Amino acid sequence: MANYFQNLANNIGAWMAAQIAPHINDRLGMGYNVLSHYYSGDHRPQLKRKEGATDDNITQNFIGLAVDRSVSRLFRGGVQFNLPEGADAQQEYIDRVWDLNKKEILLYQVGLHGAVYGTPYMKIVPDGILDPYTDELYPRLIALDPEITRLKTDPMDMAEIESYIIEYMFIRDDKEVRYREVTRHSKMEDYKFDEGEEVSERDTWIVEEFEQVGGAQWQLVRREEFPYNFPPILHFKNLPSLKSPYGDSDIDDAINLQDKSNFIASNTGKIIKFHAHPEVIGTGFSAANMESVDSAVGTFRSITNENAKVFTLEMESDLGSSLKFGEGLRQSIFDISREVDISSMKDNVGALTNFGLHVLYTDALDKNDTKRQLYGDAIKELNRRLLVMKGWEKLKSDPGKITWGSPIVENVMEELQADGIALDKGIIDLETVTKRYQNRYGVDYETVQANLANQKQKKAETDNIGADILRRRFNQGQ
């Protein structure tokens, strides 16, 4: 992947030179910078522009659209953390931590980092956020910028993390300051032992902060132990990658196609601009043979030479082939990104059944399922670490399961009909069916049953009152 990013940066070197941010300037960083700008719509111009001339470049940010659709589908319907039965205190704690950290916003940010860069990072800051209602301190969760974050792994085992490195540049007192934070496994030399004390290696992590001011030597400004057998930083893959600890982006293979799409759109627009006003051509006469008379709609011209010819110079093609080629490039961008481009569909989308929708979205759903497995494992591990840091160990720190919402729109009537058939055949029970619709209607099975029982009782009481009134009137001869 690093070689791919290097080739990508080399191919757009002139544009790239103007885009470098104060981030880690390595091969991976250059590729990350390209992906970031292309997602944001800051694409390399495809047509040269003369000084002072109109810019004919057209940017159609299909890459950004593909990423947004992918992230929205990943978290569509929300994410619920379901801890094991009996873990009520742990459930309440986890829900509160995520609520204080604005769960939905944080998850979407993490998903966006993953879709663009391929590798999301999350950092736990102990006692980093204050509950405004109870004044209690809770961990703060930070979605780290992948452009300033790197990881180092064991050469023999990519899953074995040796250290995380965060590095960036900022201005302080008119001087450039580079900041570096290294989170690494602790070593024996990190600790001081009394003479004769039994020495054993500690399974903890060390966080060190360094600064470099104005090109001087790096200076250690802080060192702190993170007293757990896991680091405060967690990374995971957006999509699987080959021979790399970093994940795969949704869009890294679509950059070249996005450039070609922009070129076709820009070139077609420029052709239309120059041919928007047809050129008038005359033969068989001179200017002396032509008279002009002002009229209500412009200028009326008459030519005294009866053999003269006047016609407009028109394009031989209506650019239909170019427009079709542009549509094909757009479709290819979404195909490579494994997303569905609804605008390219000619069929009646509203007539599609649930089965048809799943067939149409097969690749997008497969990608989404892969993402949910990777993100789900990472989120559960993050929750486990939060529980351990709170003081719950082993079985009491079980993060349970994650429940995801439906990734695409479903036809509710088809679902109800299928569930009705399953109930009639005894394939499924009412409680299971009700729980399927719990998120949609916002109620649980017990509440539904209690409400139905109350309604039945009220109806019975109403019917009894009505029957009693009729009986009294009948007895009174009414």
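The model shown is predicted, which means the values in this text are computed figures rather than measured ones.
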Once you round to the nearest 0.5 Å, how far does [atom1] of [X] lie from [atom2] of [Y]?
X	Y	atom1	atom2	value
K380	I94	NZ	CD1	13.0 Å
T149	I165	OG1	CD1	10.0 Å
L65	I251	CG	CD1	11.5 Å
W218	R180	CH2	CZ	4.5 Å
Q80	K103	CD	NZ	6.5 Å
N262	Q46	CG	CD	6.0 Å

In terms of heavy-atom contacts, does [atom1] of [X] have more than 12 from other residues, nucleotides or ligands at under 6.0 Å?
X	atom1	value
K273	NZ	yes
R384	CZ	yes
E162	CD	yes
Y93	OH	yes
E225	CD	yes

Checking side-chain contact (heavy atoms from CB on, under 4.5 Å) between I379 and each of I402, V110, L374, which is the one that passes?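 Option passing the side-chain contact (heavy atoms from CB on, under 4.5 Å) with I379: I402.
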Q. Taking the six-membered ring for Trp, are Y179 and F170 ring centroids under 6.0 Å apart?
A. no
Verify whether the ring centers belonging to Y246 and Y117 lie closer than 6.0 Å.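 Ring centres of Y117 and Y246 not closer than 6.0 Å.
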Checking side-chain polar atoms at under 3.5 Å, does S70 have a donor or acceptor matched by the opposite partner on K371?
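Result is yes, a qualifying pair exists.
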*Distance-only donor-acceptor check, side chains D377 and Q373, under 3.5 Å*: no
With salt bridge (Lys or Arg N to Asp or Glu O under 4.0 Å) as the criterion, how do R184 and E208 come out once you've worked through the C-alpha distance, each side chain's angles and the decisive distance to 0.1 Å? CA-CA 8 Å; R184 58 173 177 79; E208 297 174 321; 3.0 Å; yes
Using the ring of each side chain (for Trp, its six-membered ring), is Y38 parallel, tilted or perpendicular to H43, with breaks at 30° and 60°?
->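 Ring orientation, 0 to 90° scale: parallel.
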(request) Specify whether Y375 and F236 have parallel, tilted or perpendicular ring planes, treating 30° as the upper limit for parallel and 60° as the lower limit for perpendicular. (result) perpendicular
Starting from the C-alpha separation in whole Å, work towards a yes-or-no answer on side-chain contact (heavy atoms from CB on, under 4.5 Å) for E181 and T183. CA-CA 7 Å; E181 179 182 295; T183 302; 4.0 Å; yes
Would you call [X]-[Y] a salt bridge at under 4.0 Å N-O?
X	Y	result
D250	K367	yes
E381	R385	yes
D99	R96	yes

Evaluate the criterion side-chain contact (heavy atoms from CB on, under 4.5 Å) for residue pair W98 and N383; output intermediate values, then yes/no. CA-CA 10 Å; W98 280 95; N383 285 344; 2.8 Å; yes
*Show your working on side-chain contact (heavy atoms from CB on, under 4.5 Å) between T153 and D157 and close with a plain yes or no.*
CA-CA 7 Å; T153 62; D157 184 0; over 6 Å; no
Nearest heavy-atom neighbours spanning [X] and [Y]:
X	Y	result
T268	S322	OG1-CB, 3.9 Å
L83	Q91	N-OE1, 2.9 Å
G111	F75	CA-CE1, 3.9 Å

ask   = Does NZ or CZ of K123 come closer than 6.0 Å to the centre of the six-membered ring of Y164, within 45° of the ring's axis?
value =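 No - K123 does not lie over the ring of Y164 by the 6.0 Å and 45° rule.
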